[in-house]
J.: 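After the structure tokens below, expect a handful of questions from me.
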Amino acid sequence: MKKTDPTLLRALKLIHQCDPRGFYLKIFYVTLMSLLPLANLYVLKYMIDSITSILGSGSSEMAPTIITCVVFYCGIFLANRLIDVLSVINNDMLTQRLIDHINNLIQNQSVRLDMAYYDNPAYHDTFHRAQQEAAFRPVRILESFVSAFGAVISLIGIVVMLCTTSWTIIVVMVIAMLPVFLVRLYKSKAVYRFRRDTTQSARRSHYYGQLLSNRSFAQEVRSFGLADHFRALYVDIRRSLVAMLYKISRRLAVYDACTSLFEAVALCAVILMLVSPVASGAVTIGTFVMLFEAFRRGQGYLNTLVSGISGLYEHKLFIGNLYEFLELKPAITSPSVPLPFPLEVEEIEFRNITFSYPASTEGGVQPPALEGFCFSARRGMLNRLRGENGYGKSTALKLLLRLYDPQEGTILINGTDIRLFDLRDLRHGVGAIFQDHVRFFFTAKENILFGDLSHPLDEERLQQALAISEAQPVVDRLPNGLDTPLGRMFDHGEELSMGQWQRIALARQLYSDAPVLVFDEPTAWMDAPARQSFFRSLDDLKNNHLVILISHDEQ
């Protein structure tokens, strides 16, 4: 998969897109909070000089200048705190909107991409990195950007103050920060490389955690006594990752210690530079306090600037993971001018189909799941597609729905290549139930209505679907009938047996009222009476629908 190199401007545009007002407020608040401390320094200088003047004259009366300075100083302090409160509220809203916006982008992209991506481990690595980092990295980019922006504004004021005394102090301050800057950039790249190189290990540990905590695996993990084994695998990976991270952190800590020494030496040198003019009477005590505080804060602002720039560099690397995922393109798409899908399907033909699933490793070759496969089905017949496990029966259904496209051959509906239909129309026109059908943790009614959300509720169709699928007895036993939540994921949910879930899935398929109905092992979990009743219902369905029944040889 191609690695992208998005600009920081692109990430900032993404933030602006999700909340323009919050974006501009963020910059406005940071600008104010950068200017107010500089104003406080000037007020502090005048206040100290006024106090020194009173002490020198021997007067005991409070000068109006001091009172004014105190009021301004406290007023600026209060304004800074109030702006900070407003900034926190704005940050919270901006962050939540951004997280929702990016999750929406990721979800839309996941649905848009071909099924083939799910067969590729590299895709899962890309998706994992996008999902793990994208929820907070754009916010961090904004934080780094505005902190660097605010630091620049403050530094301009600091430089103006310091240049009145000595340019040497400014030069010392900048030189002391250069090692810090280089170390931060190195750290950003090291952490990024570590996260990227260990993506699959992190995914594997997450999978082991799911095996231990997810209900889907709980029965077999307990019955086979696998918990200790999976826990050991999880712990081994996490220990390995922690050891690698510790090694990186220890090396970076040495570099950070060296940069701290540089800063301490610079601080000592500047103090000596400022003390000498005060001792000779060249500058007042107030000016000394202002300049010393300006240098100290200047160091802090430079530190913030360095952190902001290195942060932008680090987040730029990580945000690339999001864009790497968002820029993946589906290979299976609708034609620019699709043909209308037929309201009645008379015939489906698989003509010389050869198909292999994507290899799990780059350059690998998968044996064909179907090779030279031919099959035809007509309305009015119960068309059976039989074969042993691995014969490719379920694969044929996936190809009919264009979840994949064959490498060779053509699938025709009423003599028309299915690639000429709109994807949405094609999939709406082929009602399918898979062997591994989904158990939606919604109400029973919602589970069934998912078969066709494009039209308002059709009560008659709903009742027919319940009757043909043998799901009506299942619904009748539920506490609140069709309004009962299914599964134990949420409150008041009722768990069903696999056979009962299968009947609900069949009802969902039948409610779609698609002209083509494909049943993949539909009676695998049914008891004998229900199976016989279902097959009797198929005799009625085949007159108005093209019906394909996928089953094993013995069925």
Side-chain angles (χ1 to χ4, degrees), residues 338-351 353 374-387 393-403 410-418 420-435 437-438 447-472 502-524 526 530-551 555:
L339 296 178
F341 191 84
L343 297 176
E344 294 184 353
V345 175
E346 298 295 335
E347 183 181 19
I348 292 177
E349 181 183 1
F350 289 76
R351 186 180 294 173
I353 299 296
C374 295
F375 175 77
S376 62
R378 296 189 63 83
R379 191 172 74 157
M381 301 173 57
L382 183 55
N383 303 279
R384 292 179 179 269
L385 179 56
R386 296 179 176 180
K393 307 182 298 297
S394 298
T395 298
L397 171 55
K398 294 173 185 176
L399 294 176
L400 178 59
L401 288 163
R402 288 199 74 198
L403 300 178
T410 309
I411 302 174
L412 307 170
I413 291 181
N414 288 356
T416 301
D417 191 328
I418 63 171
L420 299 178
F421 298 126
D422 180 82
L423 274 177
R424 187 184 293 272
D425 291 344
L426 170 66
R427 291 168 183 172
H428 185 72
V430 178
I433 179 173
F434 297 90
Q435 289 185 57
H437 56 268
V438 176
N447 263 272
I448 298 169
L449 296 187
F450 286 158
D452 184 9
L453 291 178
S454 60
H455 296 93
L457 168 64
D458 186 328
E459 194 65 46
E460 183 180 350
R461 236 199 311 162
L462 175 62
Q463 294 304 318
Q464 288 177 348
L466 287 168
I468 296 173
S469 65
E470 294 290 318
Q472 188 63 60
Q502 188 172 46
R503 295 183 197 189
I504 294 294
L506 274 170
R508 175 165 61 247
Q509 177 202 21
L510 294 166
Y511 181 78
S512 70
D513 200 32
V516 179
L517 296 175
V518 185
F519 302 92
D520 191 357
E521 306 288 356
T523 61
M526 285 187 185
R531 191 179 297 121
Q532 292 171 4
S533 176
F534 173 73
F535 281 120
R536 284 196 298 271
S537 299
L538 289 184
D539 288 332
D540 296 329
L541 287 172
K542 69 185 183 183
N543 296 322
N544 298 313
H545 305 267
L546 191 152
V547 176
I548 300 175
L549 179 64
I550 298 174
S551 62
Q555 292 184 333

J.: Looking at CG of L506 and CD1 of I448, how far apart are the two atoms once the value is rounded to the nearest 0.5 Å?
T.: 10.5 Å
J.: Could you tell me which non-hydrogen atom of E470 sits nearest to which non-hydrogen atom of R503, and how far apart they are?
T.: O-CD, 3.1 Å
J.: Is any side-chain heavy atom of D452 closer than 4.5 Å to a side-chain heavy atom of H428?
T.: yes
J.: Applying side chain to side chain contact (heavy atoms under 4.5 Å, CB included), run through L510 and F519 and close with a yes or a no.
T.: CA-CA 10 Å; L510 294 166; F519 302 92; 4.1 Å; yes
J.: Taking all atoms of both residues into account, what is the closest heavy-atom pair of A396 and L385, and its distance?
T.: CB-CD2, 4.2 Å
J.: Got a donor-acceptor contact below 3.5 angstrom from the R427 side chain to the R402 backbone?
T.: yes
J.: Between I411 and F375, is the side chain to side chain contact (heavy atoms under 4.5 Å, CB included) condition met? List the steps.
T.: CA-CA 9 Å; I411 302 174; F375 175 77; over 6 Å; no
J.: At what distance, to the nearest 0.5 angstrom, does NZ of K542 lie from CG of N383?
T.: 9.5 Å
J.: Give, for atom CG of L423 and atom CG of L403, the distance between the pair rounded to the nearest 0.5 Å.
T.: 9.5 Å
J.: Can I get a per-line list of side-chain donor-acceptor pairs under 3.5 Å for residues 338-348, giving both atom names and the distance, sequence neighbours left out?
T.:
from, atom 1, to, atom 2, distance (Å)
E346, OE2, R379, NH2, 3.0
E347, OE1, R378, NH1, 3.4

J.: Begin with the C-alpha distance, continue with both residues' side-chain angles, and end with the deciding distance and a verdict on side chain to side chain contact (heavy atoms under 4.5 Å, CB included) for Q463 and Q472.
T.: CA-CA 8 Å; Q463 294 304 318; Q472 188 63 60; 3.5 Å; yes
J.: Just how far is it from atom CG of L400 to atom CD1 of I413, taken to the nearest 0.5 Å?
T.: 5.5 Å
J.: What I want to check is whether the side chains of D520 and S394 have a donor and an acceptor closer together than 3.5 Å.
T.: yes
J.: Do F434 and L401 touch side chain to side chain, with heavy atoms closer than 4.5 Å?
T.: yes
J.: If you round to the nearest 0.5 Å, how far is OG of S376 from CE of M381?
T.: 8.0 Å
J.: Kindly indicate, with the supporting measurements, whether the criterion side chain to side chain contact (heavy atoms under 4.5 Å, CB included) is fulfilled by F450 and V438.
T.: CA-CA 11 Å; F450 286 158; V438 176; over 6 Å; no
J.: Would you confirm whether Q509, through its side chain, and A514, through its main-chain N or O, come within 3.5 Å as a donor-acceptor pair?
T.: no
J.: Taking all non-hydrogen atoms of both residues into account, name the closest pair between S469 and L466 and its distance.
T.: OG-O, 3.4 Å
J.: Would a distance-only check, ignoring hydrogens and angles, find a side-chain to backbone donor-acceptor pair under 3.5 Å from Y511 to N447?
T.: no
J.: Mind listing the closest non-hydrogen atom pair of G431 and S512 along with its distance?
T.: CA-OG, 4.1 Å
J.: Donor-acceptor pair, R386 side chain versus S551 backbone, under 3.5 Å?
T.: no
J.: Can you tell me how far the CD atom of Q464 sits from the CG atom of D513, to the nearest 0.5 Å?
T.: 8.0 Å
